[in-house]
Protein chains: 2
Amino acid sequence: MSDQTRFMLNETDLPKNWYNVLADSPIPPAPVLNPMTKEPITPEFLSVLFPMEIIQQEVSTDRYIEIPEEVREIYKLYRPTPLVRARRLEKALGTPAHIYFKNESVSPVGSHKPNTAIPQAFYNKVAGTKAMTTETGAGQWGTSLAMACNFFGIDLEVYMVRVSYNQKPYRRIFMQTYGAQVFASPSERTEYGRALLAQDPDNNGSLGIAISEAVQMAATSGGTKKYSLGSVLNHVLMHQTVIGEEALKQMDLAGEYPDVVIGCVGGGSNFAGIAYPFLRQNLKDGQRTRLLAVEPTATPSLTKGAYTFDYGDTAQMAPIVKMYTLGHTFMPAGIHAGGLRYHGMAPSVSALYDAGYIDAIAVSQIGTFDAALQFTNAEGILPAPESAHAIRVAIDEALDAKAKGEKRVILFNLSGHGHFDMTAYQSYLNGELVDYEYPAHAIEEAMKDLPQVAVEA
Amino acid sequence: MSDQTRFMLNETDLPKNWYNVLADSPIPPAPVLNPMTKEPITPEFLSVLFPMEIIQQEVSTDRYIEIPEEVREIYKLYRPTPLVRARRLEKALGTPAHIYFKNESVSPVGSHKPNTAIPQAFYNKVAGTKAMTTETGAGQWGTSLAMACNFFGIDLEVYMVRVSYNQKPYRRIFMQTYGAQVFASPSERTEYGRALLAQDPDNNGSLGIAISEAVQMAATSGGTKKYSLGSVLNHVLMHQTVIGEEALKQMDLAGEYPDVVIGCVGGGSNFAGIAYPFLRQNLKDGQRTRLLAVEPTATPSLTKGAYTFDYGDTAQMAPIVKMYTLGHTFMPAGIHAGGLRYHGMAPSVSALYDAGYIDAIAVSQIGTFDAALQFTNAEGILPAPESAHAIRVAIDEALDAKAKGEKRVILFNLSGHGHFDMTAYQSYLNGELVDYEYPAHAIEEAMKDLPQVAVEA
C-alpha cells in the first residue's frame with residue numbers, strides 16, 4: 001500500500017482500447033425498436049442520425065475497440081486523470097476505510113463528458129459530417145460536444161432545456177466560446193417545439209423535449225446534420241470506460257483493490273465508465289467488487305422504475321429500448337442535479353442491474369449537498385451536484401465500515417466539479433433546498449403511456 | 001526532446017523549498033516605510049497584521065525556505081501541476097516554436113492563488129490566529145484564502161470590491177461554500193467604508209479600498225484578527241516559486257530549456273512564481289532566458305508608471321513601498337482582467353525590472369481575448385482573462401519565431417481558468433469590448449499624490 005495521495009499515470013499508460021461490456025454480459029441485449037414501426041431497428045434508420053462507425057460500435061460484441069490515434073491525441077489534453085486518495089476526508093470521518101476517487105473534473109470543461117464527445121465528433125468528421133445537433137440539460141454535455149466539434153471543425157446546434165438556458169447563462173456562454181449555436185428548447189426551430197410553444201409559450205422544457213428537437217433537426221436535415229447523444233447508448237458508455245481502465249492501473253499503483261465502486265447515474269455513462277472494467281474483473285478473476293449506482297430519490301429509475309420497453313424521448317421519435325424507466329412522460333422534480341433527471345437508464349446498466357450484477361441506491365437532495373460540502377471542506381474540490389450523489393454513498397460506506405470496525409476500500413467517480421452550480425449551493429446554504437420523494441403509485445400511472453411492442457418485455 | 005504532450009511529476013518531486021529571490025537579487029531591497037511616520041517599518045508594526053513567521057519570511061535573505069510538511073500535504077491535493085506542450089496551438093499557428101504552459105488552473109479553485117493562501121493560513125494557525133481578513137477583486141484570491149482558512153479552522157472575512165460582489169455572485173457563493181463571510185466593499189463595517197458610503201452610497205469600490213478595509217478590520221481588532229495579502233509582498237511571491245521550481249524539472253523531462261518565460265502581472269506573484277527560479281539559473285549558470293512580464297495597456301504600471309515610493313492602498317494605511325506605480329489614487333478602467341487592475345507592482349519585480357533583469361510589455365484587451373479563444377480552440381481550456389495576457393504574448397513570440405524561421409522554446413504560466421469570467425467572454429463574443437490606453441500625461445498628475453518620504457527614492 002502506497003503512502004501517496006495522488007496516483008498519476010503517464011501518457012503511455014493512456015488506454016489503447018475501450019472496453020465493451022456486451023462481450024462479457026451474461027444477458028443478451030434486448031432489441032432496439034423503431035419508434036414508428038415498433039420493429040427491431042435497422043442500420044438504415046440509425047444512419048439518418050449517426051455515422052456508420054458509431055452504429056457498428058453500438059451493436060458490436062467485440063470485447064475491445066481500438067481508440068483511434070487522433071482521439072488519443074486529444075484525450076492527452078487532460079488524460080490520464082488523477083486517482084486521488086481522500087486522506088483528509090478519511091481523517092475527518094475517522095474511518096478505517098480507504099477512500100479513493102477518480103478525478104474527472106480536470107477536463108477542460110470540468111466533467112467526464114468529453115470522453116465520448118471527442119470520439120463521436122471524430123467519427124463524424126471521418127464520415128464527412130459538417131454539422132451536428134444535440135440537447136443539453138444543465139450544459140455539461142453541450143459544452144463537451146461544443147469543444148469536441150470545435151476541434152474537428154464541425155458546426156454544432158445545441159438545444160438547451162429552456163429553464164437552464166435562462167438560469168445558467170454561464171454554461172450557454174461557455175458553449176458559445178467553442179463556437180456552438182445554442183437554442184432554448186422548446187424552440188421555434190422544430191415542428192415539435194413550435195407545437196409545444198403554441199400550447200404554452202412559457203414551457204420550461206425538459207431533457208426529453210430537447211432530445212426530440214435535436215433528433216428532429218437531424219432527421220429532417222436531408223442528411224446534412226447528424227445527431228449525438230451524451231449517455232444511455234452502448235457506444236457512449238463504452239467510450240467512458242477509459243475512466244475505469246485507468247482506475248484499474250492506478251489502484252494497482254496504490255497497492256489496493258476496491259471493495260466497492262460507486263458512481264451516480266442519470267443515463268448511466270459515468271457509472272458504467274468506471275464500473276464496467278471492474279465488472280469484467282469480477283466475471284474473469286472472481287473478484288467481488290460491489291458496483292453501486294446512485295440515483296436521486298426524485299428520479300429513481302432503477303430503484304422504483306419498471307424494467308420494460310419505453311421511448312428514449314418525450315415526443316416518441318427516439319428509438320424504443322428496454323430499460324428501467326419512470327415513463328417517457330415523466331416530469332422530474334426540480335432537483336439541482338440536472339444530469340440525473342432523465343426518465344430512463346442505459347439498457348446495459350438496466351440489464352445488469354436486473355440480473356443482479358450491479359446494485360443501486362437512491363439518496364435525497366439535502367443529504368447529497370451535506371456530503372458535497374463535507375468533501376469540499378476536506379479535499380478542497382467543490383463537486384457537481386450529480387457527483388455529490390456518489391460522494392454521499394462513499395461517505396455512508398466509510399461510516400458503515402467505521403461502525404463495523406472494518407477496513408474497506410472505496411472508489412468513487414468524481415464525474416465533475418460544481419463551478420457552474422453555484423445557485424444550487426446558494427440554495428443549500430440558505431436552507432432553501434427540499435427533498436423530493438417519488439410518489440408511491442406514480443409508476444403505475446406512468447406505465448399507461450408505454451409503447452405497445454410485439455417483442456416480449 | 002520528448003514526444004509527449006503533458007509532463008507530470010510525482011508527489012515525491014514536489015519542491016521541498018521555496019526560492020527567495022532576495023538572496024540572489026543584485027539590488028538591495030528598498031526599505032518598507034510606515035504609512036504614518038514615513039520611517040522604516042518595524043516588526044512591531046507588521047506584527048499587528050501578520051504572524052511572526054510571515055514577517056521573518058518577508059525580510060529574509062535566505063536563499064531557500066523549507067516548505068512545512070503540513071503545507072506540502074495540502075499542496076498534494078493538486079500539485080505538482082502539469083506542464084503541457086501546446087502542440088495543437090503550435091500547429092494552428094504553423095510555428096517552428098515550441099510552446100509550453102504550466103497549468104495552474106487545476107487547483108480546486110482554478111488558479112495559482114492557493115500556493116500562498118495555504119502557507120499563510122498555516123503560519124497563522126501555528127501562531128494561534130482564530131480569524132483573518134482579506135480583500136478580493138474578482139474573487140480568485142478570496143476563494144483561495146477561504147479554502148485555506150477552512151482547512152485550518154480559521155474564520156475569514158473577505159472584503160469584495162462592490163462592483164464584483166454584485167456582478168459575480170458565483171464567486172461570492174464559492175467563498176461561502178468554504179465558510180467565509182463575504183462583504184461588499186466599501187462596507188458599513190469599517191470607519192473608512194462608512195465614510196466613503198456617506199459621500200457616495202453607490203460607490204463601486206476598488207481593490208485599494210478593499211485592502212484598506214481589510215487592513216483596518218485587522219488593525220483595530222485588538223490582536224484577534226490577522227490580515228493576509230494575495231500578491232505584491234516578498235513572502236507571497238516566494239510561496240509562488242513552487243510553480244517555477246516544478247517547471248524547471250518538467251522542462252528537463254521535456255528535454256528542452258525555455259528561451260522566454262512569460263507571465264501576466266497585476267501585483268506580480270504568478271509571474272514571479274514561474275520566473276524567479278529561471279532568473280536564478282540565469283544568474284548562476286549564465287542561462288539567457290528572457291523573463292517577460294505582461295500587463296494590460298489599461299494599467300501599465302511597469303511600462304508607463306513611475307519607480308518610486310507609494311502607498312500600497314487607497315486609504316494610505318498599508319505600508320509604503322518602492323515600486324512601479326500609477327499612483328495609489330489611480331482608478332483603473334473597467335477591464336475584465338480584475339486581477340491586473342492594481343496600481344502598483346511587487347517591489348522585487350519592480351527592482352529587477354528597473355535593473356534590466358526582467359522585461360515587460362503591455363497588451364490591449366481585445367487582442368488578449370483574441371488570443372484566449374485561439375488558445376481555447378486549440379487546447380480546449382478557456383483561460384482566465386488575466387492568464388490570456390500571457391497567452392497573447394506567447395502567441396506573438398511564436399509568430400515572431402515563425403516570421404524569422406527560428407526555433408524558440410516558449411514557456412508561459414496559465415495562472416487560472418475562465419469558468420467565472422463568462423460575462424467577459426459574452427462581451428467579447430458580442431463585440432462589446434473596448435481597448436483602454438493609459439492617458440499620456442496621467443502619470444504626472446498621479447505623482448502629485450505621492451507620500452513625502454525622507455529616504456531617497
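Numbers restart at 1 for each chain; the letters A, B, ... are given by sequence-line order, proteins then strands.
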Within the distance-only criterion (no hydrogens, no angle test), does the side chain of A:Glu11 pair as donor or acceptor with the backbone N or O of B:Arg6 below 3.5 angstrom? yes

According to the interplanar angle, ranging from 0 to 90°, do the rings of A:His419 and B:Phe174 count as parallel (below 30°), tilted (30 to 60°) or perpendicular (above 60°)? tilted

Checked B:Thr423, B:Ile173, B:Asn377, B:Ile381 vs chain A; the most non-hydrogen pairs under 4.5 Å come from B:Ile173

Top contributor to chain A contacts, counting heavy-atom pairs under 4.5 Å, from B:Thr177, B:Val84, B:Thr376: B:Thr177

Part of [X] within contact of chain B (heavy atom distance under 4.5 Å):
X: A:Arg85; result: neither
X: A:Arg87; result: neither
X: A:Ala86; result: neither
X: A:Leu429; result: side chain

Among residues 137-158 of chain B, those lying within the under-4.5 Å heavy-atom range of chain A are B:Met147, B:Asn150, B:Phe151

Checking heavy-atom separations under 4.5 Å from chain A, one finds in residues 71-81 of chain B B:Glu73, B:Ile74, B:Lys76, B:Leu77, B:Tyr78, B:Arg79, B:Pro80

Which residues, numbered in order, of residues 108-116 of chain A come under 4.5 angstrom of chain B by heavy-atom distance? A:Pro108

For B:Arg88, is it the side chain, the backbone, both, or neither that has a heavy atom closer than 4.5 Å to a heavy atom of chain A? side chain

Does any backbone or side-chain atom of B:Leu373 lie under 4.5 Å from a heavy atom of chain A? Answer side chain, backbone, both or neither. side chain

According to ring-ring contact (aromatic ring centres under 6.0 Å, His included), who are the partners of B:Tyr170, at least two apart in sequence or on a separate chain? A:Tyr170

Option that, when pairs with chain B are counted at under 4.5 Å, heavy atom only, ranks first among A:Arg171, A:Met422, A:Met8, A:Gln426: A:Met422

Chain B: which of A:Tyr428, A:Tyr425, A:Tyr178 shares the most heavy-atom pairs with it under 4.5 Å? A:Tyr178

